[in-house]
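Computation of the quantities below employed the complete heavy-atom set of this structure, encompassing side-chain atoms and omitting hydrogens, waters and symmetry-equivalent molecules. Letters A, B, ... mirror the listed sequences (proteins, then strands); counts begin at 1.
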2 protein chains.
Amino acid sequence: MPSSRPLRADARRNREALLTAAREAFLTGDADAHVEEIARRAGVAVGTLYRHFETREALVEEVYRQEVAELCAAPARLLAQYAPDEAVHRFLLLLVEHSAVGKGMSEALESIMATDSPVFDDARAEMAHALDELLAAGVAAGAIRDGVSGRVLLRALGGICGMRAKGWEDDAVRITTILYDGLRSGR
Amino acid sequence: MPSSRPLRADARRNREALLTAAREAFLTGDADAHVEEIARRAGVAVGTLYRHFETREALVEEVYRQEVAELCAAPARLLAQYAPDEAVHRFLLLLVEHSAVGKGMSEALESIMATDSPVFDDARAEMAHALDELLAAGVAAGAIRDGVSGRVLLRALGGICGMRAKGWEDDAVRITTILYDGLRSGR
DNA sequence: ACACAAACGGAGCCGGACTCACCTTATGGG
DNA sequence: CCCATAAGGTGAGTCCGGCTCCGTTTGTGT
């Protein structure tokens with residue numbers, strides 16, 4: 001259904017502007033910028049925002065989806081470059097680092113990983129699948145314990161990404177290491 | 001300042017009724033019950049609710065605080081009854097179990113553990129302190145790795161408690177076990 | 001150029017948190 | 001026991017933010 005008609009030029013431009021404006025708003029701190037504000041930043045009226053996105057939530061989700069897609073590309077790349085268990089370790093740390101781009105985006109990731117909103121199911125499935133690959137490779141190499149699904153690990157990571165206090169990065173790295181050691185200890 | 005005057009009898013009753021109504025509302029699922037609804041359940045008007053609690057959030061916080069206080073009593077009890085590392089393990093599982101009382105309360109716990117809202121600082125500090133005791137006992141007994149603070153572990157637990165999908169309990173138990181193994185592996 | 005569907009703008013609607021001016025009642029001193 | 005009085009209760013009304021609706025503008029295919 002992506003081709004019910006190619007979308008008029010100005011419409012495409014506005015849609016893009018809205019997504020950019022929203023992403024910037026979230027990155028610069030306030031994850032609950034008003035729709036008016038986002039529309040203003042994009043140089044359009046609220047009505048236009050609602051022509052492109054069903055609800056405010058839908059817009060937020062779209063921004064999240066793009067961010068997640070980027071993260072999902074990582075596992076394959078890491079597996080090609082490192083030994084399986086090293087790849088797992090690096091991915092965990094990458095995730096922590098990535099969620100550091102801003103409070104807004106970190107909230108986004110947390111939502112994706114912790115909620116049951118049907119809208120995020122795809123993103124979660126994709127993420128879980130990417131993690132499954134990583135873990136499977138680790139198990140095959142005898143470096144990672146068996147019986148841990150990507151979905152389970154994803155849950156744990158959700159908690160890590162939700163951290164936002166000052167000095168949270170140190171905490172995140174520490175928890176990540178604990179998890180990693182835990183994954184190896186039962187192998 | 002808890003004694004600017006003993007609070008009139010009906011006032012105390014209403015305050016209690018509001019807390020009870022709110023707790024029940026959260027336990028029975030909808031964590032975002034409207035203030036009107038909560039007031040109605042308590043048999044008072046919204047104005048009365050706002051006489052006792054600055055904002056809706058403040059009411060929610062008070063309910064959380066009570067729940068957390070209950071959890072904070074657990075570590076001391078467990079330490080008196082079990083070996084340190086066993087106490088840690090049991091507390092982790094207790095936490096999971098406790099957050100199962102309902103989606104509403106589980107959201108509450110997640111908030112307490114994941115946010116930086118100054119209002120929750122006390123609860124977090126208390127919780128972290130309780131965990132510190134547990135961990136310290138474990139370290140002293142040589143059963144737990146050193147260098148993990150209660151605060152850090154609390155973060156990890158926040159993620160676990162935030163899980164709400166069907167079958168989340170199995171996931172939670174599994175993650176908890178991984179964490180536990182991780183805590184022991186570096187000793 | 002023209003027609004016309006597609007897209008835009010923005011005043012206004014609506015629901016939910018919160019306020020305030022006025023009424024009710026517990027309580028303690030006479 | 002009763003009254004004065006201040007603590008407490010009430011709920012219609014305000015405010016604010018997400019969302020809608022329809023009249024106007026504009027890109028596009030002929």
Side-chain angles (χ1 to χ4, degrees), chain A residues 1-26 28-64 104 107-108 111 115 117 119, chain B residues 1-26 28-64 104 107-108 111 115 117 119:
Chain A
M1 199 198 287
S3 60
S4 52
R5 204 48 65 101
L7 206 56
R8 230 167 68 178
D10 56 343
R12 203 166 29 67
R13 234 178 305 123
N14 281 337
R15 186 189 158 81
E16 218 50 50
L18 282 164
L19 281 170
T20 304
R23 179 155 40 240
E24 272 171 14
F26 301 155
T28 61
D30 75 311
D32 36 51
H34 307 306
V35 287
E36 299 271 9
E37 171 67 10
I38 294 176
R40 201 185 51 66
R41 284 203 199 206
V44 302
V46 276
T48 302
L49 187 153
Y50 281 99
R51 169 165 298 272
H52 289 289
F53 303 96
E54 199 77 7
T55 67
R56 192 195 113 93
E57 264 298 293
L59 166 58
V60 172
E61 279 165 25
E62 187 54 33
V63 175
Y64 293 177
E107 264 173 28
S111 298
T115 71
S117 161
V119 208
Chain B
M1 197 198 285
S3 61
S4 52
R5 201 51 64 103
L7 205 57
R8 230 167 70 177
D10 57 343
R12 200 166 32 68
R13 233 178 306 124
N14 281 336
R15 186 189 158 81
E16 218 50 48
L18 281 165
L19 282 170
T20 303
R23 178 155 41 239
E24 271 172 15
F26 301 155
T28 60
D30 73 311
D32 36 49
H34 307 307
V35 288
E36 299 271 10
E37 170 67 11
I38 294 176
R40 200 185 53 67
R41 284 203 199 206
V44 302
V46 276
T48 301
L49 188 154
Y50 282 100
R51 172 168 296 274
H52 289 289
F53 303 96
E54 199 76 8
T55 68
R56 193 196 112 94
E57 264 298 293
L59 166 59
V60 173
E61 280 165 25
E62 187 54 34
V63 174
Y64 292 178
E107 263 171 29
S111 298
T115 71
S117 160
V119 208

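- Considering only the side chain of B:Val46, D:dG11 comes nearest among C:dA26, C:dA17, D:dG11.
- Checked against C:dG16, D:dG9, D:dT10, the side chain of B:Arg51 finds its nearest nucleotide in D:dG9.
- Considering only side-chain atoms of B:Arg56, the nucleotide from C:dG9, C:dA17, C:dC8 that sits closest is C:dA17.
- Of the candidates C:dA17, C:dA7, D:dG17, the closest approach to any side-chain atom of A:Asp10 belongs to C:dA7.
- In this structure, the side chains of B:Glu57 and B:Glu61 come closer than 4.5 Å at one or more pairs of heavy atoms.
- Of the listed nucleotides (C:dA7, C:dA17, D:dG8), D:dG8 has the atom at the smallest distance from the side chain of B:Leu7.
- The side chain of A:Thr48 places no N or O atom within less than 4.0 Å of a non-bridging phosphate oxygen (OP1 or OP2) of C:dA7.
- Side-chain atoms of A:Arg8 come within donor-acceptor range of the base of C:dA6, with a qualifying N/O pair under 3.5 Å.
- Place A:Glu36 and A:Arg12 on DNA chain C by their nearest nucleotides, and A:Arg12 ends up nearer the 5' end.
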- Task: Apply side-chain contact (heavy atoms from CB on, under 4.5 Å) to the pair A:Arg15 and A:Glu62, showing each step before the final yes or no.
- Result: CA-CA 11 Å; A:Arg15 186 189 158 81; A:Glu62 187 54 33; 4.1 Å; yes
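- Using a cutoff of 4.0 Å between basic side-chain nitrogens and carboxylate oxygens, B:Glu37 and B:Arg40 are scored as salt-bridged.
- Listed nucleotides D:dG9, C:dC8, C:dA17 differ in distance to B:Asn14; the shortest reach to its side chain belongs to D:dG9.
- Here the options are A:Val60, A:Leu19, A:Ile38, the test is side-chain contact (heavy atoms from CB on, under 4.5 Å), and the partner is A:Phe53; only A:Leu19 passes.
- A sub-4.0 Å separation between OP1 or OP2 of C:dA7 and a side-chain N or O of A:His52 is absent.
- Heavy-atom nearest nucleotides on DNA chain C were determined for B:Arg13 and for B:Gly47, and the one closer to the 5' end corresponds to B:Gly47.
- Minimum atom distance to the side chain of A:Ala11 is reached by C:dC8, of the listed C:dC8, C:dT19, D:dG18.
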